Asker: 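Just dropping this structure here.
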Protein chains: 2
Amino acid sequence: MAIAKKVTINDVAHAAGVSVATVSLVLSGKGRISMATGERVNQAIEALGFVRNRQAASLRGAQTGVIGLIVGDLSSPFYAELAAGVIESLESQGKMVFLTQGGRKGEHMLQRFDTLVSQGVDGVVIAGAVDRASELRDKAEDSGVPLVFASRASYLEDVDLIRPDNMQAAQMLTEHLIRRGHQRIAWLGGQSTSLTRAERVGGYCATLLKYGLPFHSEWVVECETSQRQAAEAFSHLLRHNPTITAVVCYNNVVAMGAWLGMLRSGWQSGDESLESYYEQRVALAAFAEVPESALEDAPMSWAITPAREMGQSVAARMLERIDSGKNVVKNQIMPPRLVSTK
Amino acid sequence: MAIAKKVTINDVAHAAGVSVATVSLVLSGKGRISMATGERVNQAIEALGFVRNRQAASLRGAQTGVIGLIVGDLSSPFYAELAAGVIESLESQGKMVFLTQGGRKGEHMLQRFDTLVSQGVDGVVIAGAVDRASELRDKAEDSGVPLVFASRASYLEDVDLIRPDNMQAAQMLTEHLIRRGHQRIAWLGGQSTSLTRAERVGGYCATLLKYGLPFHSEWVVECETSQRQAAEAFSHLLRHNPTITAVVCYNNVVAMGAWLGMLRSGWQSGDESLESYYEQRVALAAFAEVPESALEDAPMSWAITPAREMGQSVAARMLERIDSGKNVVKNQIMPPRLVSTK
DNA sequence: ATGAAAGCGCTAACAG
DNA sequence: CTGTTAGCGCTTTCAT
């Protein structure tokens, strides 16, 4: 418990028989220091167990090497993974990150932003829903702090934003099904008020059209993101449209519901083999943010938004912003990745 | 882009016609300041958009109000949730947290610890596997930084550790099954090398004994944490021991596998109703760190380790450590929560 | 109740 | 190549 008295740059200088300035130079590897003194200083540092006080360092110098990251809520797997990517990248560049939570709906974003700024961060990344984005942007603007957004949908403008390419993902998925011989492809899930869904449904329709395939509005069914409801909607859809051979699901929960619905009806029909049943029956494809482990055994295709890589892009963008000092708005989209389970 | 010149405490003092000392006092609410000047200062702060530079503040004063949190890897849902809990609590107490990743196996823990200390954190929380825990403890000891560990298993000694109560969880689960009339209860999953598993199996056995129920070592089956393997092991177990009426699963993946195995064989047997089939058949219980959404429809009992609450406890413990200054080692265990789906 | 002044640990000119 | 000397923005005695 003997709290060792903080050893400072002075102690090191003294021990090494040089001046503090020299130690500082050795620390930051800047000035041209002779091998000899450099060595001596390092030894002193080692011997005394000196740890440089970065607070003091950045009080004088410009940058703190700290980036603030505000994520809505860490318990969302997508944002957790995104955060992991951001942190990983930034740390590999010798930065540190302050992580704070801005609330599921972004309620606290502004307040957190202020706190981060008062901690002297070099930049702020915002991941998730934002309450008052334009206010934030203005604040950032006049405190001169680079601000980068990352989100699932593209509801922000005039900001540096990295987001998934929903339309391309939908195209990939639909095209994949078509290539595997499907002609009658339905859509399951999501609420019509969702922007993300709109983008995805857009890609789905466009691809059908492109291949000259039939599009029926009854084949695009809305449903809440709940397993039970998805299972019901799925069964209902197929019962009334038995010619459908493939379904694109809005997300992993819907996909899970569809699959369970299929298992259930397959079971009730008393067929011989489960696999043969559903494979003959309806092919499933779905969007997801992370691969759904529960469906690892299901024959399914996924359009995955690579959350971790997205985080890495965000980090890269942040670094770029920081050391270019420029403020050019780039709206960057992340390509999805197609994954087939079987 | 006009980077507003940093407004400092001096500017505020000037604007308010008082001294910097006064402003400082108002800021920290310490000295006895007259209402009048307090008001005047606050107005100036507001008007100038002053944000206090905490780096400078903590350079002179003692604490920084920043806690370091090292988590193995954020993409693990359990630790993400735990981190969310820690951050949430700490932020509500006006603290901030530095979040860094120590590597899945704790490879970087030591290095990250140093970085955190150099940032002047008031304490460090370590969540996840640690490579060289005792080294860490020593480092913390002589830099005088409070250190609190949080993990799933209890492989650390002589440290401040918060962990789940695996044995009690196993007891709860087993007892729950017994109360529902089961007498022949098997165990599925986990590797015999796992400490966590050992603790859990211990609780399971103890409870069987306590109720005078039969224990067969063939009923305790090992298997990898993979859905497919669990499904196979489960089917195999039941085929050879048809009298078993309930199974305790090592984790959510195993539970999922067991359930799918059950669906599959139920389906093949051609029974009438899925629900009636498995309900008559084998009751499932499982450990989990977060409720498994994929199994929301399955009739299943869970022993949940409340990760978020665990995070809150960790935060509380940290705060306690910080302002007591004492270093009494407490090995605190979190009680599990029993949840039945149906 | 408020002001003056002395640093916290470090960096950044500028001299040598 | 290395030492001297000012501060960075804020807190904190100690006076007043």
Side-chain angles (χ1 to χ4, degrees), chain A residues 3-42 44-45 48-66 115 117-122 143-144, chain B residues 3-42 44-45 48-66 115 117-122 143-144:
Chain A
I3 296 181
K5 172 121 91 309
K6 282 275 182 205
V7 21
T8 79
I9 200 177
N10 279 292
D11 306 328
V12 176
H14 200 197
V18 296
S19 77
V20 288
T22 309
V23 179
S24 177
L25 290 180
V26 173
L27 249 31
S28 48
K30 278 190 179 169
R32 322 107 298 207
I33 303 284
S34 73
M35 284 292 283
T37 38
E39 193 51 41
R40 207 138 41 82
V41 169
N42 280 319
I45 288 177
L48 277 65
F50 165 76
V51 283
R52 178 210 220 143
N53 180 338
R54 294 205 139 270
Q55 313 233 88
S58 55
L59 183 55
R60 198 67 173 59
Q63 301 197 351
T64 55
V66 177
T115 315
V117 170
S118 86
Q119 292 281 357
V121 296
D122 295 338
S143 53
Chain B
I3 296 181
K5 171 121 89 308
K6 283 274 181 205
V7 20
T8 80
I9 200 177
N10 279 291
D11 306 328
V12 177
H14 199 197
V18 294
S19 77
V20 288
T22 307
V23 179
S24 177
L25 289 181
V26 173
L27 249 30
S28 46
K30 277 188 179 171
R32 323 108 298 211
I33 304 284
S34 72
M35 284 291 285
T37 40
E39 193 50 43
R40 206 138 39 82
V41 170
N42 280 318
I45 289 177
L48 276 68
F50 165 77
V51 282
R52 176 210 221 144
N53 179 338
R54 295 205 140 268
Q55 313 233 86
S58 56
L59 182 56
R60 197 70 176 32
Q63 302 198 349
T64 55
V66 178
T115 315
V117 170
S118 85
Q119 292 281 356
V121 295
D122 295 339
S143 54

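Only a predicted model underlies this, so the values are computations on that prediction, with no experimental measurement involved. Numbered from 1 within each chain, the chains take letters A, B, ... in sequence-line order.
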Asker: Side-chain N or O of B:Thr22 versus OP1/OP2 of C:dG3: is the shortest distance under 4.0 Å?
Answerer: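 Yes, because at least one side-chain N or O of B:Thr22 sits under 4.0 Å from OP1 or OP2 of C:dG3.
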Asker: Could you check whether A:Val23 gets within reach of a base, just the sugar-phosphate, or nothing at all, counting any heavy atom under 4.0 Å?
Answerer: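 Counting heavy atoms under 4.0 Å across all strands, no contact is made by A:Val23.
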Asker: Between A:Asp122 and A:Gly65 (side chain of the first, backbone of the second, donor and acceptor by atom type, cut-off under 3.5 Å), is there such a pair?
Answerer: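 Yes; at least one donor-acceptor contact below 3.5 Å.
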Asker: Looking at C:dT11, I'd like to know if its phosphate oxygens (OP1 or OP2) sit under 4.0 Å from a side-chain N or O belonging to A:Ser28.
Answerer: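 No, no such contact exists.
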Asker: B:His14 has an atom NE2; how far is it from atom P of C:dT2, in whole Å?
Answerer: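 Roughly 18 Å, once rounded to whole Å.
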Asker: Would you please confirm or rule out a distance under 4.0 Å between OP1 or OP2 of C:dT2 and any side-chain N or O of B:Thr37?
Answerer: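 So the side chain of B:Thr37 is within the cut-off, an N or O lying under 4.0 Å from OP1 or OP2 of C:dT2.
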Asker: A:Gln55 CD to D:dC8 C1': how many Å, rounded?
Answerer: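 Value for this atom pair: 13 Å.
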Asker: So which nucleotide from D:dT2, D:dT4, C:dT11 ends up closest to the side chain of A:Leu27?
Answerer: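 Taking heavy atoms from C-beta onward, the closest nucleotide is C:dT11.
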Asker: Roughly, in whole Å, what's the span from CG in A:Asp11 to P in C:dG9?
Answerer: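 Taking CG of A:Asp11 and P of C:dG9, I get 9 Å after rounding.
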Asker: Tell me the interatomic distance from B:Ile9, atom CD1, to C:dA4, atom P, rounded to whole angstroms.
Answerer: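 My rounded result for the distance is 14 Å.
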Asker: Hey, is the side chain of B:Thr8 poking within less than 4.0 Å of OP1 or OP2 on D:dG9, counting only N and O atoms?
Answerer: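 Answer no for this pair, as no side-chain N or O of B:Thr8 is under 4.0 Å from OP1 or OP2.
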Asker: Can you tell me which nucleotide in C:dT2, D:dC10, D:dA6 comes closest to the side chain of B:Asn53?
Answerer: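 So the nucleotide nearest the side chain must be D:dC10.
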Asker: Rounding to a whole Å, what distance do you find between A:Asn10:CG and D:dT4:C1'?
Answerer: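 That distance rounds to 13 Å.
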Asker: For A:Val20 and for A:Ala36, locate the closest nucleotide of DNA chain D by heavy-atom distance; then report the residue assigned to the nucleotide nearer the 5' terminus.
Answerer: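 It is A:Ala36 whose nearest nucleotide is closer to the 5' end.
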Asker: Would you say D:dT11 has OP1 or OP2 under 4.0 Å from some side-chain N or O of B:Arg52?
Answerer: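 Looking at the OP1 and OP2 atoms of D:dT11, one of them is under 4.0 Å from a side-chain N or O of B:Arg52.
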Asker: Atom CZ in B:Arg52, atom OG1 in B:Thr8: separation rounded to 0.5 Å?
Answerer: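 With rounding to 0.5 Å, CZ (B:Arg52) is 13.5 Å from OG1 (B:Thr8).
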Asker: Rounded off to whole Å, could you give me the CD-to-C1' distance for the A:Gln119 and D:dC10 pair?
Answerer: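 So the CD-C1' distance, A:Gln119 to D:dC10, works out to 14 Å.
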